[in-house]
Amino acid sequence: MTGKLTTHVLDTSIGKPASGVLVELVRVHSTKEKEIITSSYTNEDGRLNQPLLEGEHMKMGIYELHFYIGDYYRYRGAATGTPSFLDRVPVRFGISEPDSHYHVPLLISPGGYSTYRGS
């Protein structure tokens, strides 16, 4: 089996996928330095068009996904306040089994979010 890392974003305030959300994948090194590995925007289904990591690029370690939720809501014209309550949502997680599928979904609303390890 070839491992991969995927994500998707659902906007629970409208009950639909969140399209146009900028997502950055960051690797956290043992020195605490952070390195942006890739970035992409969610499509109409709230997903990225390709995995963030897969195959030989899946390595054990600590990672963060940065979801630019404030920009998404500003673009939609949602009243979120100035500054918005949620701006960039970081989700830090570990990859311990590089041959596995890691799916990190994010459920958002202007006032909160939740995440879990999906399948």
Side-chain angles (χ1 to χ4, degrees):
M1 177 180 194
T2 301
K4 64 182 175 178
L5 171 63
T6 58
T7 188
H8 76 275
V9 183
L10 300 173
D11 185 341
T12 60
S13 71
I14 59 173
K16 295 182 179 179
S19 64
V21 175
L22 175 60
V23 180
E24 288 179 342
L25 174 64
V26 175
R27 178 156 184 153
V28 181
H29 295 281
S30 59
T31 61
K32 305 300 181 212
E33 269 187 41
K34 295 181 180 182
E35 169 192 9
I36 297 174
I37 296 175
T38 189
S39 64
S40 188
Y41 287 88
T42 57
N43 60 25
E44 297 78 28
D45 195 32
R47 299 175 186 275
L48 303 178
N49 290 330
Q50 58 191 20
L52 289 151
L53 290 174
E54 64 182 323
E56 65 191 40
H57 300 287
M58 282 285 289
K59 299 190 184 312
M60 290 177 61
I62 302 297
Y63 295 85
E64 291 179 353
L65 286 173
H66 294 179
F67 298 89
Y68 285 76
I69 302 306
D71 291 344
Y72 164 78
Y73 280 118
R74 279 188 289 280
Y75 178 77
R76 289 195 57 243
T80 60
T82 304
S84 60
F85 177 66
L86 293 178
D87 186 39
R88 182 175 61 175
V89 173
V91 177
R92 184 177 279 213
F93 61 97
I95 292 178
S96 59
E97 300 172 359
D99 289 334
S100 295
H101 180 192
Y102 285 77
H103 184 65
V104 183
L106 186 71
L107 291 83
I108 59 167
S109 71
Y113 67 92
S114 65
T115 188
Y116 55 94
R117 182 173 177 186
S119 57

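As the structure is a prediction and not an experimental result, all values here were calculated from the model. Residue numbers run from 1 in the order of the sequence given.
A continuous path of ILVMFWY side-chain contacts below 4.5 Å connects Leu52 to Ile95, so both sit in one hydrophobic cluster. Note: the hydrophobic cluster containing Leu65 also contains Tyr102 (ILVMFWY, side chain heavy atoms under 4.5 Å, direct or indirect links). By the rule that hydrophobic residues join a cluster once side-chain heavy atoms approach within less than 4.5 Å of another member, Val23 and Val91 end up as members of one cluster. When the side chains of ILVMFWY residues are joined at heavy-atom separations under 4.5 Å, either directly or via intervening members, Ile36 and Leu22 end up in two distinct hydrophobic clusters. At a threshold of 4.5 Å between side-chain heavy atoms, the hydrophobic network of Ile, Leu, Val, Met, Phe, Trp and Tyr places Ile14 and Leu10 in two separate groups.
Across all their heavy atoms, Pro17 and Gly46 have their closest contact at CB-N, 3.5 Å. Nearest heavy-atom pair, Gly70 versus Ser84, reported as atom, atom and distance to 0.1 Å: CA-OG, 3.9 Å. Between Pro98 and Met60, the shortest heavy-atom distance links the atoms CG-CG, 3.6 Å.
Thr38 places no side-chain N or O within 3.5 Å of a backbone atom of Leu25 that could act as its donor or acceptor partner. Judged by distance alone, with hydrogens and angles left aside, the side-chain atoms of Tyr75 form no donor-acceptor pair with the main-chain N or O of Val21 at under 3.5 Å.
Considering only residues two or more places apart in sequence or on other chains, Arg76 meets the salt bridge (Lys or Arg N to Asp or Glu O under 4.0 Å) condition with Asp11. Taking Glu97 as the reference, nothing meets the salt bridge (Lys or Arg N to Asp or Glu O under 4.0 Å) condition, with sequence neighbours excluded. Scanning for side-chain hydrogen bond (donor to acceptor under 3.5 Å, both in side chains) contacts around Lys34 gives Glu64, with sequence neighbours left out. Under the salt bridge (Lys or Arg N to Asp or Glu O under 4.0 Å) criterion, Lys59 pairs with no residue, sequence neighbours left out. Under the ring pair (Phe, Tyr, Trp, His ring centres under 6.0 Å) criterion, His66 pairs with no residue, sequence neighbours left out.
With contacts defined as side-chain heavy-atom distances shorter than 4.5 Å, the pair Leu106/Val89 qualifies. For the pair Phe67 and Ile108, the minimum side-chain heavy-atom distance is 4.5 Å or more. Taking 4.5 Å as the limit, some side-chain heavy atom of His101 sits within range of a side-chain heavy atom of Thr6.
Applying the ring pair (Phe, Tyr, Trp, His ring centres under 6.0 Å) test to pairs two or more places apart or on separate chains, those with a residue in residues 5-25 are His8-His103. Residue pairs meeting the side-chain hydrogen bond (donor to acceptor under 3.5 Å, both in side chains) criterion with at least one member in residues 40-49, sequence neighbours excluded, are Asn43-Asn49, Asp45-Arg47. The side-chain hydrogen bond (donor to acceptor under 3.5 Å, both in side chains) contacts involving residues 110-119 comprise nothing, where partners must be two or more places apart or lie in separate chains. Under the side-chain hydrogen bond (donor to acceptor under 3.5 Å, both in side chains) criterion, the residue pairs touching residues 17-29 are Glu24-Tyr68, Arg27-Tyr63, His29-Glu35, with sequence neighbours excluded.
When the shell of 6.0 Å around CD1 of Ile37 is examined, it contains more than 12 heavy atoms from other residues, nucleotides or ligands.
In this structure, Asp87 CG and Ile69 CD1 are separated by 9.5 Å, a value rounded to the nearest 0.5 Å. Between atom OG of residue Ser30 and atom CD1 of residue Ile62 there is a gap of 11.0 Å, rounded to the nearest 0.5 Å. Between Arg88 atom CZ and Leu86 atom CG the span is 13.0 Å, to the nearest 0.5 Å.
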